[in-house]
Amino acid sequence: MQWIGLLLPVAIFLLFWLLAISSREGRAIGLTEGRLAGCPNKANCVCSEPDTRPESFIAPLQLPESVDSAEQVMPPLVALIEQAGGRVEIRSDLYLAAVFKSRFFGFVDDLEVRLDLAERQLHFRSASRVGHSDFGVNRKRVEQLQQKLAVASGSGSG
């Protein structure tokens, strides 16, 4: 009879382990018509593009007027992502995609950033590959990156 009490925790652990393994497959969505993809109807995604659902919206980072090139933004952004434990997998002048893995099970989240030099904005999309909720991890990740990048770029906002 005691084994029945152990069965549920073991089953839950195995479920999370299998979900984490499945999250390792895939990649960032990428740009669609020059913009980041919107979020699915799940609580584990945030995006700063204007047509994002209100519950998934996060404001873009407004860059200072002095920013006029990708080289002023992308290298510091890459450094901040790496300091936060992310790994940049795709990088161009105006776009980058990085992955973050959770510490315990190794769930994979995709972070995408699009630089809009005309508007002097950085747009972000951060989403978990599997599951429905992330307990706010993706929103916190973007907010922390925005704060640190705002300080580094001298914008003072974020």
Side-chain angles (χ1 to χ4, degrees), residues 18-103 105-158:
L18 290 171
L19 282 172
I21 289 172
S22 71
S23 78
R24 295 175 191 153
E25 297 296 319
R27 61 179 180 84
I29 293 173
L31 298 176
T32 303
E33 296 180 10
R35 297 172 45 134
L36 299 172
C39 289
N41 193 16
K42 295 182 179 181
N44 62 8
C45 177
V46 294
C47 184
S48 65
E49 294 288 1
D51 57 352
T52 301
R53 294 178 9 257
E55 57 273 16
S56 298
F57 183 77
I58 191 162
L61 177 63
Q62 192 67 44
L63 298 169
E65 298 255 342
S66 60
V67 172
D68 61 4
S69 76
E71 283 304 310
Q72 292 172 282
V73 178
M74 295 308 241
L77 178 60
V78 168
L80 288 171
I81 288 169
E82 290 172 348
Q83 287 172 8
R87 185 180 77 244
V88 175
E89 294 191 328
I90 301 170
R91 179 179 171 199
S92 68
D93 286 344
L94 302 177
Y95 171 82
L96 71 76
V99 294
F100 287 83
K101 287 185 180 180
S102 67
R103 290 182 188 175
F105 283 105
F107 285 99
V108 177
D109 294 342
D110 290 302
L111 171 73
E112 297 177 274
V113 183
R114 177 180 71 87
L115 174 58
D116 181 343
L117 281 173
E119 297 294 325
R120 287 190 178 81
Q121 291 181 333
L122 268 182
H123 285 278
F124 293 83
R125 181 182 192 277
S126 189
S128 302
R129 289 186 183 171
V130 298
H132 183 75
S133 178
D134 67 347
F135 304 103
V137 169
N138 284 294
R139 182 172 297 278
K140 288 176 197 166
R141 177 181 298 123
V142 171
E143 288 171 346
Q144 289 172 351
L145 284 171
Q146 287 179 335
Q147 289 170 355
K148 290 177 181 177
L149 196 58
V151 170
S153 69
S155 69
S157 67

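We're numbering straight along the sequence, starting at 1.
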TODO: With sequence neighbours excluded, tell me which residues meet disulfide (SG to SG under 2.5 Å) with Cys47.
DONE: none
Task: Distance in Å, Glu49 CD paired with Arg114 CZ, rounded so as to fall on 0.5 Å steps - done: 4.0 Å
Task: Minimal non-hydrogen separation, Ser66 against Gln72, with atom names - done: O-NE2, 3.3 Å
Task: Nearest heavy atoms of Leu122 and Leu149, plus distance in Å - done: CD1-CD2, 3.0 Å
- [ ] With the side chain counted from C-beta on, respond yes when Ile58 and Asn138 share a heavy-atom pair under 4.5 Å apart, and no when they do not.
- [x] no
Task: Pairwise distance CG(Leu63) to CG(Leu115) - rounded to 0.5 angstrom - done: 6.5 Å
Task: pair Leu96-Ile81: side-chain heavy atoms closer than 4.5 Å - done: yes
Task: Pair Asp110-Arg129, side chain to side chain contact (heavy atoms under 4.5 Å, CB included): steps then yes or no - done: CA-CA 7 Å; Asp110 290 302; Arg129 289 186 183 171; 2.8 Å; yes
Task: Between CD on residue Glu89 and CD on residue Glu112, distance to nearest 0.5 Å - done: 11.0 Å
Task: Atom pair CG (Leu31) and NE2 (His123), whose distance is rounded to the nearest 0.5 Å - done: 11.0 Å
Open item on the list: Taking CD in Glu55 as the centre, count heavy atoms belonging to other residues, nucleotides or ligands within less than 6.0 Å. Is the count above 12?
Closed with: yes
Task: Validation row: Arg91, Pro75 side chains within 4.5 angstrom (heavy atoms) - done: yes
Task: Shortest non-hydrogen contact between Leu111 and Phe124, atoms and distance - done: CD1-CD2, 4.2 Å
TODO: Go through the structure and list residues passing salt bridge (charged side-chain N to carboxylate O under 4.0 Å, His left out) with Arg139, not counting sequence neighbours.
DONE: none
Would you be so kind as to tabulate the donor-acceptor pairs closer than 3.5 Å made by side chains of residues 34-44, with sequence neighbours excluded?
| residue | atom | partner | partner atom | Å |
| --- | --- | --- | --- | --- |
| Arg35 | NH2 | Asp51 | OD1 | 3.0 |
| Asn41 | OD1 | Arg53 | NH2 | 3.4 |
| Lys42 | NZ | Gly131 | O | 3.4 |
| Asn44 | ND2 | Val130 | O | 3.4 |
| Asn44 | ND2 | Gly131 | O | 3.0 |

TODO: Indicate the atoms forming the closest heavy-atom contact of Asp109 with Ser128, along with that distance.
DONE: OD1-OG, 3.0 Å
